[in-house]
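Before any comments, here is the structure.
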2 protein chains.
Amino acid sequence: MTTATRPADAYPGSYGTSEGGAVGRVTLQTIADRVGVSRMTVSNAFSRPDQLSAELRATILQAADELGYVGPDPAARSLARGTTGAVGVLLTESVGSAFQDPIAAAFFGSVAQELAPTGLALALLPSVESPDRIPARDIPMDGALVYSCAGDMAPINWLIKRKLPLVFVDQAPIAGASSVLLDDRVGARAAAQHLLDLGHRRIGILTTANDRSTGIAPDPATAGAGYVSRERVEGWMSALGPAGADVTVVHLPDNTEANAEDGARILLDLDDRPTAVLCFSDLIAWTFERVARAQGVRVPEDVSVVGYDDSPIARRAQPALTTVRQDLEAKGRAAATALTRAIARSRGDASVGEGPDAVWVPTTLVVRDSTGPAPA
Amino acid sequence: MTTATRPADAYPGSYGTSEGGAVGRVTLQTIADRVGVSRMTVSNAFSRPDQLSAELRATILQAADELGYVGPDPAARSLARGTTGAVGVLLTESVGSAFQDPIAAAFFGSVAQELAPTGLALALLPSVESPDRIPARDIPMDGALVYSCAGDMAPINWLIKRKLPLVFVDQAPIAGASSVLLDDRVGARAAAQHLLDLGHRRIGILTTANDRSTGIAPDPATAGAGYVSRERVEGWMSALGPAGADVTVVHLPDNTEANAEDGARILLDLDDRPTAVLCFSDLIAWTFERVARAQGVRVPEDVSVVGYDDSPIARRAQPALTTVRQDLEAKGRAAATALTRAIARSRGDASVGEGPDAVWVPTTLVVRDSTGPAPA
DNA sequence: CGGGGTTACTGTAGCGGTACAGAAACCCGA
DNA sequence: TCGGGTTTCTGTACCGCTACAGTAACCCCG
C-alpha cells in the first residue's frame with residue numbers, strides 16, 4: 001500500500017480561519033445579529049419556514065450562505081428536540097462477519113432502503129466495548145434493531161436500559177418489544193416433508209451451533225445454539241420425528257465454507273450415508289454439493305440436498321439448489337416499519353396502536369434440481 | 001405476513017412513570033441531589049473516574065443505578081463535547097443496491113471492523129433527501145466516508161460544507177481530502193497483458209457506464225462514467241492500445257446479472273467474436289461464462305474471460321475465474337485509518353501530520369482456469 | 001512548622017439549538 | 001369603529017452535559 005501526502009490546499013474542509021475573517025463559529029446568533037432579527041427567527045427560517053415571511057426567510061438564508069452557515073448544528077438540535085435522526089443496528093459479535101453473510105447484508109440494505117424515505121440513518125453499532133466507549137450506550141439514536149445476536153449480549157442490555165424503542169429481528173424477542181421473525185418452522189418443516197415425500201428416510205442435518213468444533217450432535221433436540229438454528233431444527237424435526245426418520249445432526253461452529261466442508265465430509269463418510277441432507281444455509285448446501293461431487297457422489301441421484309434462504313448462490317449452484325426462500329425485502333420492510341412504529345409509539349403517537357408489533361415473514365419451499373427420489 | 005399485538009407488559013422500555021415514583025427524567029442533577037454532591041462530580045463519576053475517590057464514585061454509581069440512570073445523555077454529551085462517536089458513510093444513490101454488491105458489503109464490513117476498537121459507529125447515510133430531512137446535513141457525526149458516489153451528488157456538498165473530515169473511497173478525490181483508491185490501472189493492465197501474452201488480439205470489454213442501455217461504445221477512450229470504471233478501462237487500454245489489439249467495448253448500465261447477460265450476448269454474437277473478454281466485475285465475468293456455455297462456446301478453449309475483484313464468485317465459477325484481486329481488508333483498514341487520522345487532524349492533533357492521506361491499495365492478477373491460449 | 005505538590009470536589013459559563021407563550025401589527029366584516 | 005382572528009416576529013426558559021478554573025483539605029519533607 002502506498003501512502004503519499006499532499007499539502008491541504010483548496011479543500012474547503014481545511015480548518016482554521018476561513019475567508020471572511022470571522023473567527024468564532026457561525027451560529028444562529030451570528031446570523032441573527034447580521035440580519036437584525038432574533039435568533040429564534042433565524043431558527044424558524046431553517047426549521048419552520050411557515051413561521052415567517054418568504055422575503056425575510058430569503059434574506060436570512062442568503063446571509064447564512066454568505067457567512068458559510070450550513071444549517072442548525074445536528075448535535076445541538078438533537079439535544080433541544082430530543083431526536084437524532086438515526087437508528088442503531090446491533091450486530092453479531094464480529095461486525096465484519098455480519099457483512100460476509102449475504103443474507104445479513106441484503107437485509108441491512110433492505111432496511112436502509114426502507115428507512116431512507118423517513119430520513120433516518122442506520123448506525124451500525126459495534127458490540128465490542130472499549131472501556132470508555134460503549135456504542136450501544138453512547139451513540140445518540142432514536143431506536144434500534146437487534147439483529148440475530150446472542151440473547152445475553154451486554155450491548156442489548158444497554159439498549160434496553162436506555163429505554164430505546166427496539167425491534168428484535170431473527171432473534172428471541174423480549175416481552176414487550178417488537179419483533180420480526182421468519183416463519184422458520186413452517187419453511188423447515190416443508191423442506192423436510194419434501195424429502196419424506198421423495199422417499200428419503202435416512203437424513204442428515206448440517207446446522208450451526210455454538211459448539212467449538214464440527215461434529216455429530218448427540219441429541220437433535222438440543223441442537224443449535226442460535227435462535228434461528230433452533231427454530232429450523234425444530235421445524236425439520238417436526239416432520240422427520242413423527243415419520244420415524246433416521247436423523248444425524250452435524251453441528252458447525254459457524255456458517256462458513258471451511259466448516260461446511262468438514263461437516264459435509266462427516267456425513268458423506270458415514271457407513272450409513274444419508275440419502276438426503278438438510279442445510280442451515282445455501283452456502284452450506286452448496287459446499288456439500290461440491291464436496292460430494294469431489295467424492296464422486298452424485299446430486300441428486302445419490303444424495304439430495306436442501307439449502308436455506310434462497311440466496312443468489314442457490315440458483316448459481318450446480319445443480320441449482322432446492323431451498324427455503326425467505327423474502328428479505330419483506331423482512332427489511334417489516335423491520336423498518338416496526339421500528340418507526342415503535343419510535344412513534346414511544347413519542348405518544350396514538351395512531352400506531354398500543355402494544356408492540358410481532359411480525360412473521362413467510363417462508364416458502366423452492367424446489368429445484370438438487371433433490372430427487374431416494375435411491376432404491 | 002402475520003401481525004399480532006400483545007400488551008406491553010414486562011418490557012422495561014415501556015414508558016411512563018416507572019417504579020420509584022420519580023416523575024421527571026433522571027439527569028446528573030437528580031443523582032447529585034440524591035447523593036449530596038455537585039452535578040459535576042456525578043459527571044466525573046461517569047466520564048472521568050480518576051477525578052474522584054473510588055468510594056464516592058461507587059456511591060454515586062449505586063445511586064444512579066437505583067434511580068435507573070444509564071449514563072450521560074449521548075445527545076447532550078455530543079453538544080458539550082463536540083464529538084458524537086459516529087462517522088457516516090455516504091452510499092450510492094440507492095442504499096439497497098450498495099449492499100447487493102458483495103464487494104461493497106465486504107468493504108463496509110471491513111471498515112466497521114476496523115472502526116470497532118475506536119468505538120466509532122458507522123452511520124449509513126441514505127442519499128435520498130426528503131424535503132426537511134437531509135441525512136448528510138442533519139446527522140451528527142465526526143467525519144464521513146464517501147464511497148463510490150457520482151462526484152456531483154448533492155449530499156457530498158453538504159458534507160463538505162459541514163467541514164467534516166472526509167475520506168473518498170473508490171472515487172475521484174477532492175483536493176485536500178484524504179483518499180483511498182485501488183491501484184486499478186496496474187491491475188487492469190496486468191489482466192490485459194496476460195491476455196496479450198496468451199496471444200489474444202481480438203478482445204472484448206464489458207464494463208459499466210452511465211448509459212441508459214446496454215450496447216457497444218463508439219470510443220473506448222470516453223468509456224465508463226464511474227471513476228472506477230474509467231480507471232479500469234484506462235488500465236486495460238494502456239496495454240491493449242500499444243499492442244494494436246482489436247477492442248470492442250460494451251457498456252452496461254450497471255453491475256447486474258440481467259445487463260451482463262445482454263452484454264455477453266452482444267459480444268458473443270459479433271461476426272468477429274473476440275477471443276477474450278475483460279470484465280468490470282466477477283459477476284459480469286461469471287455471467288459471460290454462463291451465457292457462453294449456453295451457446296455452446298467453450299471457456300477458455302473458444303474464449304477467455306477475466307473478471308475483477310476476486311470475489312467469492314470467482315472461485316466458485318466453473319471454470320474458476322482468472323481475475324484481478326483487490327484486498328478488501330486492506331482497503332477497509334486504510335479507509336478507517338485515514339478517517340480516524342483526518343478526524344484527529346481536524347482536532348489539531350499534530351501527531352498525525354499535516355496534509356491529507358492518499359492511499360493506494362494494490363491489486364494483483366490471479367490466474368485461474370478461465371483464460372487460455374488464443375484459439376488458432 | 002511552613003511551603004510546594006497532590007488529591008478531591010465545586011461553580012460558573014457555556015455548547016447551539018428549539019418550544020412555547022406572548023406581543024405587535026394587520027385584516028376584515030359588522 | 002370595534003372585536004376577533006391571522007400572520008409575523010420575539011423573549012425566555014430550558015435540553016443535559018462538560019471544560020476549566022478555582023478552592024479547600026491533605027500530605028510529605030526539610
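In what follows, every chain begins at residue 1, and chains take the letters A, B, ... in the order their sequences are listed.
The residue among B:Thr41 and A:Arg39 whose nearest nucleotide of DNA chain C lies closer to the 5′ end is B:Thr41. Residue B:Ala54 is the one, among B:Ala76 and B:Ala54, whose nearest nucleotide of DNA chain C lies closer to the 5' end (criterion: closest heavy atom).
Counting non-hydrogen atoms under 4.0 angstrom, B:Ser47 reaches the backbone sugars and phosphates but no base. Counting any heavy atom pair closer than 4.0 Å across all strands shown, B:Phe46 reaches no nucleic acid atom. Residue B:Leu52 is classed as a sugar-phosphate contact, given heavy-atom separations below 4.0 Å to backbone atoms only.
Look at CZ on A:Arg81: it is 16 Å from P on D:dG16, rounded to the nearest Å. Regarding B:Gln51, its CD atom lies at a distance of 12 Å from the P atom of D:dC20, rounded to whole Å.
Ion pairing of B:Arg81 with B:Asp142 is absent here, as no side-chain N (NZ or NE/NH1/NH2) approaches a carboxylate O to less than 4.0 Å.
Separation of atoms CZ (A:Phe108) and CG (B:Leu124) is listed at 9.5 Å; rounding is to 0.5 Å. Annotation: the span from A:Leu90 atom CG to A:Ile156 atom CD1 amounts to 6.0 Å, rounded to 0.5 Å. Here the CZ-CG distance, from A:Arg162 to A:Asp138, works out to 7.5 Å after rounding to the nearest 0.5 Å.
Considering only side-chain N and O atoms, B:Ser53 lies under 4.0 angstrom from the phosphate OP1 or OP2 of C:dC9.
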